[in-house]
Amino acid sequence: MAGNILVTGGAGYIGSHVCKALARSGFTPVVYDDLSGGYRSNVRWGPLVIGDLMDSTRLDAAFRSYRPSAVVHLAGFIAAGESVQDPAKYYGNNLVGTLALLEVMQARGVKALVFSSSAAVYGDVAEMPIDETAAIQPSNPYGHTKAMTEQFLQDYARNGLRSVSLRYFNAAGADPEGELGELHEPETHLIPLVLEAAAGLRPRIDIYGTDHPTPDGTCIRDYIHVSDLADAHVLAVERLRAGGGEGAEAYNLGNGCGFSVREVIEAAERVTGRRVPLRECGRRPGDPPRLIADPGRAIADLGWRQKHSELETQIAHAWAFLKQRIEGESRAAG
Ligand code: UFG
């Protein structure tokens with residue numbers, strides 16, 4: 001029996017895929033989530049504890065009841081653009097909540113943590129692809145909260161905490177078996193918004209900036225399938241359980257190739273067979289023009305292998321999930 005793993009934010013988009021992957025590897029994911037951005041229906045592979053990260057009493061009770069051997073920490077606010085408008089929301093929840101979690105872990109003697117970090121820790125980098133030695137220079141408060149949390153983990157390493165920070169590039173797609181998918185409220189991410197525009201659920205997609213220093217003037221991102229991302233968490237948990245993660249490790253998770261906003265829209269048109277109405281707008285504050293990963297360290301050290309690296313496969317899985325959601329909603333409406 002591989003044991004319990006506490007997954008904060010396990011009812012969310014990435015967290016739910018992580019839980020499914022953990023369960024497939026024999027672990028029992030115990031979800032700790034306040035359901036502010038997640039859904040009860042995403043919790044299918046273990047118990048759900050509804051609670052706020054900052055509620056140390058509740059968190060402590062979850063540790064006492066379930067005795068997890070490790071924690072996967074995904075709970076946090078995620079919208080880089082919003083963090084520029086409302087930094088206090090991000091510094092408050094993402095940092096104060098994480099400190100509360102680290103304190104409870106220390107009190108309960110749990111010394112293994114996988115942290116959901118982000119490519120946003122790098123900010124505006126000139127050299128592509130980005131490896132883990134690139135300077136940590138976030139360009140928005142969201143990125144700062146991820147970088148500061150990684151600093152916490154280095155500091156707690158002196159008290160014996162072993163950790164793996166996974167710096168996600170752009171999570172995309174949906175569970176290939178159709179059980180899970182992306183549903184943020186409000187949605188801010190490019191691929192689901194493009195697909196909703198293709199489906200006629202919104203009038204158009206706004207392109208944020210056509211004057212970036214990129215070949216077609218739109219931002220370039222490295223899209224990675226959410227199930228591949230989830231697999232990396234299982235490998236990280238296994239690494240920690242085998243005694244790894246000393247001194248706080250960090251890994252980039254991306255494909256190593258980038259697509260512009262226009263290329264994503266064109267790929268979505270091919271996958272859906274529909275035209276996506278668009279409007280060219282100004283830049284979104286805090287958006288780096290280009291983010292492409294060098295995932296070599298994760299491949300070498302974690303043994304990570306991607307199964308769905310093609311952008312069109314990622315979009316096809318997201319499209320299948322959206323169509324299923326639309327059918328479900330129209331059935332429910334009678
Ligand atoms: N974009 C648009 N129109 C939209 C939405 C997005 O043009 O309506 C553009 C953005 O400007 C950006 C690209 O599409 O250039 C991707 O935007 P997303 O909002 O989908 O993703 P971000 O790159 O801003 O951020 C995501 C995650 C972060 C993570 C980051 C790391 O949300 O948590 O990837 O690369 F830090």
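One-based numbering along the sequence shown. Atoms within each ligand, like the ligands themselves, are counted from 1 in listed order.
- Side chain of Tyr208 to main chain of Glu280: no donor-acceptor pair is present (N/O by atom type, distance under 3.5 Å, no hydrogens or angles).
- Residue, atom and distance of the protein heavy atom nearest to atom 9 (C) of ligand 1 are Val261 CG2, 3.8 Å.
- Under the 3.5 Å distance criterion, the side-chain polar atoms of Arg297 are matched with a main-chain donor or acceptor of Ala250.
- Residue pairs meeting the ring-ring contact (aromatic ring centres under 6.0 Å, His included) criterion with at least one member in residues 99-139, sequence neighbours excluded: His73-Phe115.
- Residue Tyr156 is tested with Glu103, Lys111, Gln106 for a side-chain hydrogen bond (donor to acceptor under 3.5 Å, both in side chains); the sole match is Glu103.
- No salt bridge links Asp228 with Lys307; every basic N to acidic carboxylate O contact stays at or beyond 4.0 Å.
- When atom types are taken as modelled, the side chain of Asn252 and the backbone of Ile130 share a donor-acceptor pair closer than 3.5 angstrom.
- Considering backbone and side-chain atoms together, His189 places an N or O closer than 3.5 Å to an N or O of ligand 1.
- With a 4.0 Å heavy-atom cut-off, ligand 1 is reached by the backbone of Leu190 and by its side chain too.
- Evaluated by nearest non-hydrogen atom to atom 31 (C) of ligand 1, the leading choice among Gly81, Ala119, Gly76 is Ala119.
- Counting only distance, with no hydrogens or angles, the side chain of Asp131 and the backbone of Asp294 share no donor-acceptor pair below 3.5 Å.
- Looking from atom 17 (O) of ligand 1 to the surrounding protein, the closest heavy atom is Arg284 NH2, 3.4 Å.
- Below 4.0 Å from some heavy atom of Ile78 lie the following atoms of ligand 1, by number and element: 32 (O), 33 (O).
- At a 3.5 angstrom cut-off on N or O pairs, Ser118 does not count as close to ligand 1.
- Within ligand 1, the atoms closer than 4.0 Å to a non-hydrogen atom of Ala120 are 36 (F), numbered from 1 in the order shown.
- Under a 4.0 Å criterion applied to the non-hydrogen atoms of Thr188, ligand 1 contributes the atoms 5 (C), 19 (O).
- Side chain of Ser83 to main chain of Pro87: no donor-acceptor pair is present (N/O by atom type, distance under 3.5 Å, no hydrogens or angles).
- From the protein, the heavy atom lying nearest to atom 15 (O) of ligand 1 is Cys219 CB, 2.8 Å.
- Distance from atom 3 (N) of ligand 1 to its nearest protein heavy atom, with residue and atom name: Asp206 O, 2.7 Å.
- Taking atom 35 (O) of ligand 1 as the reference point, the nearest protein heavy-atom neighbour is Asn170 OD1, 2.7 Å.
- The backbone N or O of His308 lies less than 3.5 Å from a partner atom in the side chain of Gln314, making a donor-acceptor pair.
- If you look at Asp287 next to ligand 1, the close heavy atoms, those under 4.0 Å, all belong to the side chain.
- For the residue pair His17 and Ser227, the shortest heavy atom distance occurs at CD2-OG, 3.9 Å.
- For atom 1 (N) of ligand 1, the nearest protein heavy atom (residue, atom name, distance) is Tyr208 CD1, 3.6 Å.
- Counting the atoms of ligand 1 from 1 in the order shown, those under 4.0 Å from a heavy atom of Leu291 are 35 (O).
- Where the criterion is an N or O separation shorter than 3.5 Å, residue side chain and backbone included, Tyr168 fails it with respect to ligand 1.
- When atom types are taken as modelled, the side chain of Asp222 and the backbone of Gly256 share a donor-acceptor pair closer than 3.5 angstrom.
- Considering only non-hydrogen protein atoms, atom 8 (O) of ligand 1 sits nearest to Leu193 CD1, 3.4 Å.
- Annotation: Ile207 places no N or O atom under 3.5 Å from an N or O atom of ligand 1; distance criterion only.
- Counting protein heavy atoms only, atom 33 (O) of ligand 1 is closest to Tyr142 OH, 2.8 Å.
- Ser65 contributes no side-chain N or O that, together with a main-chain N or O of Ala62, makes up a donor-acceptor pair within less than 3.5 Å.
- With a 4.0 Å heavy-atom cut-off, ligand 1 is reached by no atom of Val264.
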